[in-house]
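Comments concern the structure below.
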Amino acid sequence: MQRTRIVELLDRGEGGPVLLKGWVRTRRDAKGFSFLEVNDGSCLANVQVVADHTPELLPALEGMNTGAAVAVTGELVESPASGQRWEVRASGLILYGGADPEAFPLQKKRHSDEFLRTIAHLRPRTNKYGAMLRVRSEMAFAVHDFFRQRGFFHVHAPILTGSDCEGAGEMFRVSNLEPEKAVILDPRARAEAEFFGRPAGLTVSGQLEAELMALALGSVYTFGPTFRAENSNTPKHAAEFWMVEPEVAFADLKDDMDLAEDLVRHLVRHALSSCSSDLALFASFVDKSLMPTLEGMLSAPFARLTHAEAIRVLQASGRSFEFPVHGKSDLQTEHERFLCEEHFKRPVIVYDYPKEIKAFYMRLNDDEETVAAMDLLVPRIGELCGGSQREERMDVLVRRMAEAGLPEDPYWWYLDTRRFGTAPHAGFGLGFERLLMLVTGIANIRDVIAYPRTPGHLEF
RNA sequence: UCCCCGGUAGCUCAAUCGGCAGAGCGGGUGACUGUUAAUCACUAGGUUCGCGGUUCAAGUCCGUGCCGGGGAGCCA
C-alpha cells in the first residue's frame with residue numbers, strides 16, 4: 001500500500017484503508033489498547049491511532065514512545081470520541097526507530113525557545129518549529145511566484161566574491177590556505193598562493209551583480225544566502241541570512257517603493273491564505289496580535305514620507321527620545337518604532353535620505369543633498385527592506401565614489417555598465433528572515449532559520 | 001562591541017538576614033480509565049555554570065571568565 005501523508009489523509013474526508021508513516025508525539029495507554037498521536041511533518045495536525053494490545057501489535061507498540069519513527073497500517077474511521085474527527089484503527093505497526101524516553105529531550109509540554117535552540121537538530125519535530133519551516137518554504141515559493149507573475153527573471157548571484165560591496169558590512173574571508181602557512185607569507189605572496197590569486201570572501205549582497213543583469217534582462221531578482229561578519233548580538237541579525245534582491249531597469253524610486261509594497265503585501269496575503277492552520281498556531285501561542293497585524297497591513301496603503309518629513313513628525317511629536325533627532329541624522333530604532341507603531345500604526349516607507357548617511361551607489365537627487373533611497377519599516381521588526389534608485393550617471397557616480405574614498409579599479413565592471421548603455425534602474429533588498437518574523441510573530445531571528453549562525457554559534 | 005538582567009534536577013522555576021537542596025512537569029514502577037497537556041499513588045534524579053576569594057558556615061557575599069536573555073549600535 002502507498003503511504004498517505006497526514007495533510008492529505010485529513011483532507012480526504014472519507015474513511016478507508018491507510019498506511020501512514022511518521023513520528024510519535026505521545027502515547028496514552030489504556031487497559032487493553034493504546035492511543036498514539038502521530039505526526040508526519042506534512043501539517044500541524046496529528047493523527048490519533050488506536051492500537052489494541054493484541055499479540056501482533058503489542059511488541060512494536062512497547063517501543064513506540066515519544067519520538068519514535070513508526071509506520072501504521074489500518075483503517076481510517078470517524079472517531080467516536082470528541083477531540084478529533086478521524087482516527088486510525090491499527091491493524092499493523094512497524095517500529096523503524098525507537099527513542100529512549102529517558103534520553104529524548106522533547107517532552108509533550110512547552111519548551112523555551114532558548115532550550116530548543118540548543119537542540120536545533122530536533123526542534124523541527126515540535127509544533128512551532130515544524131510550522132515555522134513549512135511557512136518558510138511556502139514564503140520562498142511565494143517570492144518566486146510574485147516575481148514570475150511580473151515577468152522578472154530569477155538570477156543567481158555568486159556567493160564567493162572578490163568585491164567588497166561597500167556599506168554592507170564586514171565580509172567573511174574565504175581561503176583555502178592552511179592558517180599556519182598563511183600567516184608566515186607576506187601579503188603579496190599570500191595573495192598569489194590563494195586559490196583565486198586574490199583575497200576572496202562570502203557575498204554580503206548580490207546587488208551589484210543583480211544590477212549588471214537588470215541592465216541586460218530588464219527585471220531580475222536574486223534570492224539567496226548572504227553573509228555578514230558583524231558582531232551583532234540582536235534578535236534581528238544573523239551572520240548568514242537570506243535576502244531577496246529585485247533590480248529593475250528603467251525604474252525610478254517611486255517604482256521601487258511600489259514594488260516593495262506590492263511584494264510585502266503579496267507575501268502577507270499568501271501567508272494568510274496558504275498557511276492558515278500554521279498561522280493559527282502562531283496567533284494563539286506566539287503573538288496574540290498576529291492576525292490583526294497582518295490583516296491591518298493589507299487594509300491600507302503603507303505610509304510614505306521623506307526623511308525630512310519624518311524628522312519633522314518626530315520633532316513635532318513632543319516625545320523626548322533618547323537620541324534627539326536632527327536634519328542629517330539617521331533614524332534610530334526608537335524613531336522607526338514611533339513612526340510605524342504609534343504615529344502611523346502601519347508599515348512606513350521613508351525615502352530621500354541625506355546623502356551622508358547612505359551608500360555611494362544611490363542616486364543623487366537634484367537638491368544635491370539627498371539620495372533616492374528608501375527603507376520600508378514594519379511594526380516590531382523595523383527595517384524589512386532597504387533600497388534605492390541607483391546612480392546611473394557616470395560622472396556623478398565617479399564623483400561620489402571619490403567622496404567616499406573608494407578606488408575605481410576594483411569596480412571597473414560596475415562602472416562599465418554606466419559607460420555602455422547606462423539606464424535608470426532601482427532595486428532593494430528584503431530580509432527573508434525578517435519577513436518570516438513578521439508573518440509568524442516569532443520574535444528572534446534565530447528561531448525563523450533552521451540552523452542560525454550568530455557570533456560564537458556554528459553548531460549543527 | 002556597550003548597558004541591564006539571569007545561570008539551581010532532563011525541562012520550567014522556588015529557596016526569607018549567609019544557616020539541612022525544594023516544587024511542578026518529564027522519567028521509572030503500579031493502579032485506573034475512549035484517552036487526548038489524561039488522572040491517582042509510589043519512586044529515582046543535584047559538580048547550585050567554571051575558577052579564585054571572604055566566612056565557623058556560600059546557591060546566596062566579592063573578583064573574574066564563560067554562556068543565555070533584553071536593550072543599543074551596525075543593518076536586511
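Convention: sequence-line order gives letters A, B, ...; per-chain numbering from 1. Side chains included, hydrogens not; waters and symmetry mates left out as well; all remaining heavy atoms used.
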- [ ] Return the nearest nucleotide to the side chain of A:S232; candidates are B:G34, B:C74, B:G28.
- [x] B:C74
Task: Side-chain ion pair, A:R5 and A:D40, N-O less than 4.0 Å - done: no
- [ ] Pick the C1' atom in B:U43 and in B:U48, then give their distance to the nearest Å.
- [x] 23 Å
Task: Side chain of A:R228 - closest among B:G34, B:U12, B:A76 - done: B:A76
Open item on the list: Within the 4.0 Å heavy-atom criterion, would you say A:P105 contacts the bases, only the backbone, or no part of the nucleic acid?
Closed with: nothing
Task: Cation-aromatic face contact A:R150/A:F146, 6.0 Å, 45 degrees - done: yes
- [ ] Return the nearest nucleotide to the side chain of A:Q84; candidates are B:G34, B:A76, B:G73.
- [x] B:G34
Open item on the list: Between B:G53 and B:G18, how many Å separate the two C1' atoms, rounded to a whole number?
Closed with: 16 Å
Open item on the list: Need one value for A:T226: base, sugar-phosphate or nothing, where a base atom within 4.0 Å counts as base even if backbone is also close, heavy atoms only.
Closed with: nothing
- [ ] Please measure how far the P atom in B:C25 lies from the corresponding atom in B:C42, and state the result in whole Å.
- [x] 13 Å
Open item on the list: If you only use heavy atoms from C-beta on, which nucleotide in B:A76, B:G70, B:G34 is closest to the side chain of A:Q48?
Closed with: B:G34
Task: Complementary nucleotide for B:C40 - Watson-Crick or wobble, under 3.5 Å - done: B:G30
TODO: Write down the distance between CZ (A:R453) and C1' (B:A76), rounded to a whole number of angstrom.
DONE: 18 Å
- [ ] Check every strand shown and say whether A:R25 touches a base, only sugar-phosphate, or nothing at a heavy-atom separation below 4.0 Å.
- [x] nothing
- [ ] Would you mind telling me which of A:Q332, A:H335, A:R319 makes a side chain to side chain contact (heavy atoms under 4.5 Å, CB included) with A:L314?
- [x] A:H335
Task: Between B:C11 (C1') and A:D113 (CG): distance, integer Å - done: 14 Å
Open item on the list: Is the distance between the ring centroids of A:F338 and A:F321 under 6.0 Å?
Closed with: yes
Task: Salt bridge flag under 4.0 Å for residues A:E342 and A:R337 - done: no
Task: Sugar-phosphate, base or nothing in reach of A:L384, heavy atoms under 4.0 Å - done: sugar-phosphate
Task: Lys/Arg-Asp/Glu bridge criterion (N-O < 4.0 Å) met for A:E433, A:R136 - done: yes
Task: Given B:G73, B:C11, B:U35, the nucleotide with the shortest approach to the side chain of A:A81 - done: B:U35
Open item on the list: From C-beta outward on A:F33, which listed nucleotide comes closest to its side chain: B:G73, B:G34, B:C11?
Closed with: B:G34
Open item on the list: Tell me if the side-chain of A:H237 makes a donor-acceptor pair with the base of B:C75, cut-off 3.5 Å, by modelled atom types.
Closed with: yes
Open item on the list: Roughly how many Å apart are B:C49 and B:C67, using the C1' atom of each and rounding to a whole number?
Closed with: 8 Å
Task: Distance in angstrom units between A:R446 CZ and B:C67 C1', rounded - done: 12 Å
Task: Pairing partner (Watson-Crick or G-U wobble, both distances under 3.5 angstrom) of B:U16 - done: none
Task: Length of the CD-C1' vector between A:E322 and B:G70, whole Å - done: 14 Å
Task: Salt-bridge present (A:R228, A:E240; N to O < 4.0 Å) - done: no
Open item on the list: Over all strands shown, is A:S34 touching base, sugar-phosphate only, or nothing at heavy-atom distances under 4.0 angstrom?
Closed with: nothing
Open item on the list: Distance check needed: B:C11 C1' versus A:L116 CG, whole Å only.
Closed with: 10 Å
Task: In B:C17, glycosidic geometry as syn within 90° of 0 or anti otherwise - done: syn
TODO: Among the candidates B:G69, B:G71, B:U1, find the nucleotide nearest to the side-chain atoms of A:N233.
DONE: B:U1
Task: Between C1' of B:C74 and CD1 of A:I445, the distance in whole Å - done: 14 Å
Open item on the list: Please classify the nucleic acid contact of A:E37 as base, sugar-phosphate, or nothing, using heavy-atom distances under 4.0 Å.
Closed with: base
- [ ] Quick one: label A:F115 by what it contacts on the DNA or RNA (base, sugar-phosphate, nothing), any heavy atom closer than 4.0 Å.
- [x] sugar-phosphate
- [ ] Provide the Watson-Crick or G-U wobble partner of B:G6, both distances under 3.5 Å; none if there is no partner.
- [x] B:C67
Open item on the list: Would you call the rings of A:F360 and A:Y411 parallel, tilted or perpendicular, taking 30° and 60° as the class edges?
Closed with: perpendicular
TODO: Give one of base, sugar-phosphate or nothing for A:N444, where a contact means two heavy atoms less than 4.0 Å apart.
DONE: sugar-phosphate
- [ ] Decide, applying a 5.5 Å centre-distance limit and a 30° plane-angle limit (both strict), whether A:F241 stacks on B:A76.
- [x] yes
- [ ] Counting heavy atoms from C-beta on, name the nucleotide in B:C75, B:U33, B:U35 closest to the side chain of A:R434.
- [x] B:C75
Open item on the list: Taking B:G6 as the reference, what is the distance to B:G19 when you measure between their C1' atoms (whole Å, please)?
Closed with: 25 Å
Open item on the list: By the 4.0 Å heavy-atom rule, please label A:E87 as base, sugar-phosphate, or nothing.
Closed with: base
- [ ] Using atom CD of A:E334 as one end and atom P of B:G71 as the other, report the distance to the nearest whole Å.
- [x] 14 Å
Task: Carboxylate-amine/guanidinium contact A:K345 A:E341, below 4.0 Å - done: no
TODO: Give none if B:U55 has no partner; otherwise give the nucleotide forming a Watson-Crick or G-U wobble pair with it, both distances under 3.5 Å.
DONE: none
- [ ] Please state how far atom CZ in A:F285 lies from atom P in B:A37, giving the value in whole angstrom units.
- [x] 10 Å
TODO: Kindly point out which of B:U35, B:C74, B:U33 is positioned nearest to the side chain of A:A30?
DONE: B:U33
TODO: Give A:A238 one of three labels, base, sugar-phosphate or nothing, depending on what nucleic acid heavy atoms sit under 4.0 Å from its own.
DONE: base
Open item on the list: I want to verify a distance call: between B:C11, B:C74, B:G69, whose nearest atom is closest to the A:Q107 side chain?
Closed with: B:C11
Open item on the list: Any side-chain N or O of A:T333 below 4.0 angstrom from OP1/OP2 of B:G71?
Closed with: no
Task: Pair of N/O donor and acceptor under 3.5 Å linking B:G26 base with A:R110 side chain - done: no
Open item on the list: What's the gap between B:A57 and B:U64 when it is taken at their P atoms, as a whole Å value?
Closed with: 23 Å
Open item on the list: Quick check: on RNA chain B, is the nucleotide nearest A:P101 upstream (toward 5') of the one nearest A:V50, or the reverse? Name the residue that is more 5'.
Closed with: A:P101
TODO: Please figure out whether A:N231 or A:R89 has its closest RNA chain B nucleotide nearer the 5' end.
DONE: A:N231
Task: Nearest-angstrom distance, C1' atom, B:G30 to B:A44 - done: 15 Å
Hey, can you pull the donor-acceptor pairs under 3.5 Å for the side chains in residues 96-105 of chain A, sequence neighbours left out?
residue, atom, partner, partner atom, Å
A:Y96, OH, A:K21, NZ, 3.1
A:D100, OD1, A:E102, N, 3.0

- [ ] Determine the interatomic distance between P on B:A21 and the same-named atom on B:U60; round to the nearest Å.
- [x] 13 Å
